[in-house]
Amino acid sequence: MNNNCVFCKIAAGEIPSFTIYEDEEFKVFLDISPATRGHMLVIPRTHCADIFEIDAGMCARLHKLTVAMAARIRGALNTDALNVLQNNGPLAGQTVRHYHVHLIPRYENDGADLIPAQTEVSGSALAELAEKLRRPLPGGHQ
Ligand code: AMP
Ligand code: ZN
């Protein structure tokens, strides 16, 4: 547990939250400032700041739970439109440095603005970029 981390405190029950689901590894609770009705967060109990720190196996289990929570949203809130959002680092808009996945149900005219702006890039620039990104990192990680 990280004593300066608000989500560690929520996971430990030291800060109250509107819990939707919990088990020994994960907790799901309502976002305190929701983008839309039903906006919830899925977190691991173990502190890890972001995608670069989280254990890959734990991350896979967390995303399996995310799929289950999406089904729950669809059943309970009667919408099959949903954004899954996961921010890493302040530049990407991460304000709480404990890995979390946002589940944001969407409704007609809900006013939420979550779709990234589109840019125009040449085919040659994309080809060069793809070539760079295709190269595996040394050390075994793909
Ligand atoms: P991010 O910008 O991806 O780091 O998202 C952090 C999210 O955590 C924001 O949507 C906040 O509204 C939410 N949040 C911060 N503190 C709390 C809290 N105590 N309980 C529930 N949600 C929180
Ligand atoms: Zn934490």
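Both ligands and their constituent atoms are indexed starting at 1 by order of listing.
Taking 2.8 Å as the threshold, C48 does not count as a candidate ligand of the Zn ion (ligand 2), since none of its N, O or S atoms lies below it.
Here the angle centred on the Zn ion (ligand 2), running from ND1 of H98 over to ND1 of H47, is 110°, rounded to 10°. Vertex the Zn ion (ligand 2); arms to C5 atom SG and C8 atom SG; angle 120° (nearest 10°).
H102 has its ring centre less than 6.0 Å from the ring centre of H100.
Counting only distance, with no hydrogens or angles, the side chain of E22 and the backbone of K27 share no donor-acceptor pair below 3.5 Å.
Near T95, meaning under 4.0 Å from any of its heavy atoms, are these atoms of ligand 1: 1 (P), 2 (O), 4 (O), 5 (O), 6 (C). Atoms of ligand 1 lying under 4.0 Å from at least one heavy atom of H100, given by number and element, are 1 (P), 3 (O), 4 (O), 5 (O), 6 (C). Every atom of ligand 1 is numbered from 1 in the order shown, and the set under 4.0 Å from a heavy atom of H102 is 1 (P), 3 (O), 5 (O), 7 (C), 10 (O). Counting atoms of ligand 1 from 1 in the listed order, those under 4.0 Å from a heavy atom of S33 are 12 (O). Within ligand 1, the atoms closer than 4.0 Å to a non-hydrogen atom of L30 are 21 (C), numbered from 1 in the order shown.
The distance from atom SG of C48 to atom CZ of F7, rounded to the nearest 0.5 Å, is 12.0 Å.
L91 CG: 12 or fewer foreign heavy atoms inside a 6.0 Å radius.
When side chains are defined from C-beta on, S33 counts as touching D31, because their heavy atoms get closer than 4.5 Å.
Heavy-atom separations between I10 and ligand 1 include at least one value shorter than 4.0 Å. Contact annotation: F18 has no heavy atom less than 4.0 Å from any atom of ligand 1.
On a distance-only criterion, G93 and ligand 1 share at least one N/O pair closer than 3.5 Å. For the pair I32 and ligand 1, the shortest N or O to N or O distance falls below 3.5 Å. Between V96 and ligand 1, at least one pair of N/O atoms sits closer than 3.5 Å.
In terms of protein heavy-atom proximity, atom 12 (O) of ligand 1 is nearest to D31 OD1, 2.6 Å.
Counting heavy atoms under 4.0 Å from ligand 1, residue F7 touches it through the side chain alone.
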